[in-house]
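What follows is a single structure, written as structure tokens, with notes after it.
We number each residue from 1, following the sequence as shown.
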Amino acid sequence: MKELLISLNQTQKVRLQAALQHLAELASQVSSSNLAVTVADTIPVNNEDGILKGHGTTEFDGQVVATLCGIVERVNKLVYVRTLRARYKPEVGDIIVGRVIEIAPKRWRLEINFSQDAVLMLQSMNLPDGIQRRRTAVDELNMRSIFEENDVVCAEVRGFQHDGSLHLQARSQKYGKLERGQLLIIPAYLVKRRKQHFHHLEQYGLDLILGCNGFVWIGEHAEPIDSEVLEDRDKIPKDKQRDTPLEVRRNICRISNSVRLLSALGFALSVEAIVDTAEASKSSNVDIKDMLGAEFYVQTAEREVQRRASLLRKKRFV
């Protein structure tokens, strides 16, 4: 996704700077226990014995020193630095969205914003007939009928191989090919790992998938369908299939612009923040194309200040 080029007037610059300063102050109050470090900063460990130096740390003159910029984290005796801006680092069980770039023997290769392409094996794929069976030579010949180049696919991280390559699996109906929507690519660190990455925005008639790898999918809601209906639908020529309703396409664009706006401001993405931004644009009668304008950009930052201040007050009362 291209960076937003927003031209602010002097008043808007002052308002934005004030909002970002308030956000920094609120963040320091919330996470005062987390130490931010830059390269060569000393990490205090209070002369504890048996400290384990993890990623982003080293020992110099008897002290633990940071080799990366980020936040110091501790797990028992392990001390490491969590970088705030970095490429996607996969973990087993992550929900990811990727794009097919190659069809190889018994596997698809996907681009997922990782240092290497991911591999989705034919045997790790839920076939359209829904029957659990061994994959045959006929299945391998029909791989292009399942996924072809440039298709957008949702899958789960299965594990790693000895060479560092990433293997995926899509053994459930909730995984597979994604259609009738938009794919946005944002920095992966803006998507936090949560219990739920699949969201049905019922009021908009959309499905939202926040991929842990920074690939975000916004598309028309699709109910799970059985194999017979799927086969009948695939027989219909693409030019004869039903078009996405205009109102749903507008909703896709509104939610997509909300994601773009929050990403440009550097805010962590959550379904609540995305929907709140979309609802704020509707209540303020902001047109979809004007959501990426300077005024709504500044208003979004100011609204985030109010939201975080309200959350902080609630925590203090509790």
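Considering every non-hydrogen atom in both Lys77 and Gly50, the closest pair reads CB-O, 3.6 Å. When every heavy atom of Ala278 is checked against every heavy atom of Ile255, the shortest pair comes out as CB-CD1, 3.8 Å. Between Val37 and Ala66, the shortest heavy-atom distance links the atoms CG2-CB, 3.8 Å. Here the closest non-hydrogen pair linking Leu190 and Gly266 is CD2-O, 3.7 Å. Between Ala294 and Leu8, the closest heavy-atom pair is CB-CD2, 3.5 Å.
Among residue pairs with one or both ends in residues 282-293, none qualify as side chain to side chain donor-acceptor pair (under 3.5 Å); sequence neighbours excluded. Applying the salt bridge (Lys or Arg N to Asp or Glu O under 4.0 Å) test to pairs two or more places apart or on separate chains, none has a residue in residues 261-274. The salt bridge (Lys or Arg N to Asp or Glu O under 4.0 Å) analysis of residues 188-205, with sequence neighbours excluded, yields the pairs Glu91-Arg193, Asp94-Arg193.
Contact check for His167 versus Ser124: no side-chain heavy atoms found under the 4.5 Å cut-off. Using a 4.5 Å heavy-atom threshold, the side chains of Ile103 and Glu149 count as touching. Taking the side chain as every heavy atom from C-beta outward, Val216 and Val97 never approach each other to under 4.5 Å. Using a 4.5 Å heavy-atom cutoff, the side chains of Gln12 and Glu295 are in contact. You'll find the side chain of Phe296 reaches within 4.5 Å of the side chain of Thr277, heavy atoms only. Using a 4.5 Å cut-off on side-chain heavy atoms (C-beta onward), Leu265 and Glu304 make no contact. Using a 4.5 Å heavy-atom cutoff, the side chains of Ile96 and Tyr88 are in contact. Considering only heavy atoms from C-beta on, Val271 comes within 4.5 Å of Leu201 through its side chain.
Ser256 places a side-chain N or O within donor-acceptor distance of the main-chain N or O of Ile252, the cut-off being under 3.5 Å. Panel note: side chain Arg15, backbone Ala301; no donor-acceptor pair is recorded below 3.5 Å. A donor-acceptor pair is defined here as one N or O able to donate and one able to accept, closer than 3.5 Å; such a pair exists between the side chain of His197 and the backbone of Leu210. Checking side-chain atoms of Arg99 against main-chain N and O of Asn150 turns up a donor-acceptor pair under 3.5 Å.
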Please assess Thr67 against Val81 for the test side chain to side chain contact (heavy atoms under 4.5 Å, CB included), listing each intermediate value before the final yes or no.
CA-CA 8 Å; Thr67 59; Val81 177; over 6 Å; no
Candidate pair Thr83 and Tyr189, rule side chain to side chain contact (heavy atoms under 4.5 Å, CB included), full reasoning:
CA-CA 9 Å; Thr83 55; Tyr189 66 88; over 6 Å; no
Can you list the steps and then say if Val72 with Val79 is a side chain to side chain contact (heavy atoms under 4.5 Å, CB included)?
CA-CA 7 Å; Val72 177; Val79 178; 4.0 Å; yes
Quick one, Phe147 with Leu110, criterion side chain to side chain contact (heavy atoms under 4.5 Å, CB included). Give me CA distance, side-chain angles, the key distance, then yes/no.
CA-CA 11 Å; Phe147 301 138; Leu110 280 69; over 6 Å; no
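Around atom CD of Gln17, no more than 12 heavy atoms belonging to other residues, nucleotides or ligands sit under 6.0 Å away.
Atom CG of residue Asp139 and atom NZ of residue Lys106 lie 10.5 Å apart, to the nearest 0.5 angstrom. Annotation: the span from Arg158 atom CZ to Arg171 atom CZ amounts to 6.0 Å, rounded to 0.5 Å. The distance from the CG atom of Asp276 to the OG atom of Ser281 is 11.0 Å, given to the nearest 0.5 Å. Between the CG atom of Leu20 and the CD atom of Glu302 there is a distance of 10.0 Å, given to the nearest 0.5 Å. Summarising the geometry, atom CD belonging to Gln182 is positioned 8.5 Å from atom CH2 belonging to Trp217; distances are rounded to the nearest 0.5 Å. Between the CZ atom in Arg249 and the OG1 atom in Thr244 there is a gap of 6.5 Å [rounded to 0.5 Å].
No path of Ile, Leu, Val, Met, Phe, Trp and Tyr side chains, each step under 4.5 Å between heavy atoms, connects Ile288 with Ile274, placing them in separate hydrophobic clusters. Clustering ILVMFWY residues whenever any of their side-chain heavy atoms sit less than 4.5 angstrom apart, transitively, puts Ile43 in a cluster other than the one holding Val65. Grouping the Ile, Leu, Val, Met, Phe, Trp and Tyr side chains by contacts below 4.5 angstrom, directly or via other members, places Leu312 with Phe267. Cluster annotation: Ile112 is connected to Phe160 through the hydrophobic network of ILVMFWY side chains, with a link wherever side-chain heavy atoms come within less than 4.5 Å. In the hydrophobic clustering of this structure, Val92 groups with Leu168; members are Ile, Leu, Val, Met, Phe, Trp, Tyr whose side-chain heavy atoms approach within less than 4.5 Å, directly or through other members.
For Tyr175, the side chain to side chain contact (heavy atoms under 4.5 Å, CB included) partners at least two apart in sequence or on another chain are Ile95, Cys154, Glu156, Ala170, Ser172, Phe198. Not counting sequence neighbours, Glu111 has no partner by the salt bridge (charged side-chain N to carboxylate O under 4.0 Å, His left out) test. With sequence neighbours excluded, no residue forms a ring-ring contact (aromatic ring centres under 6.0 Å, His included) with Tyr80. The side-chain hydrogen bond (donor to acceptor under 3.5 Å, both in side chains) search around Glu59 returns Lys53, not counting sequence neighbours. Not a single side-chain hydrogen bond (donor to acceptor under 3.5 Å, both in side chains) links Thr11 to another residue, sequence neighbours left out. His55 meets the ring-ring contact (aromatic ring centres under 6.0 Å, His included) test with no other residue; sequence neighbours excluded. Annotation: side chain to side chain contact (heavy atoms under 4.5 Å, CB included) contacts of Gln306 (sequence neighbours excluded): none. Take Asp207 and apply the salt bridge (charged side-chain N to carboxylate O under 4.0 Å, His left out) test, not counting sequence neighbours, and it matches no residue.
In the model, Asn257 has a side-chain atom that pairs as donor or acceptor with a side-chain atom of Arg260 under 3.5 Å. Side-chain contact annotation: Ser145 with Asn142, donor-acceptor N/O pair under 3.5 Å absent.
Looking at Arg308 and Glu25, no side-chain N of the basic residue comes within less than 4.0 Å of a carboxylate O on the acidic one, giving no salt bridge.
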Just distance, no hydrogens or angles: give the donor-acceptor pairs under 3.5 Å from side chains in residues 113-122, sequence neighbours left out.
residue, atom, partner, partner atom, Å
Asn113, ND2, Asn213, O, 3.1

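Relative ring orientation between His200 and His221 is described as parallel, the plane-to-plane angle staying below 30° on a 0-90° scale split at 30° and 60°.
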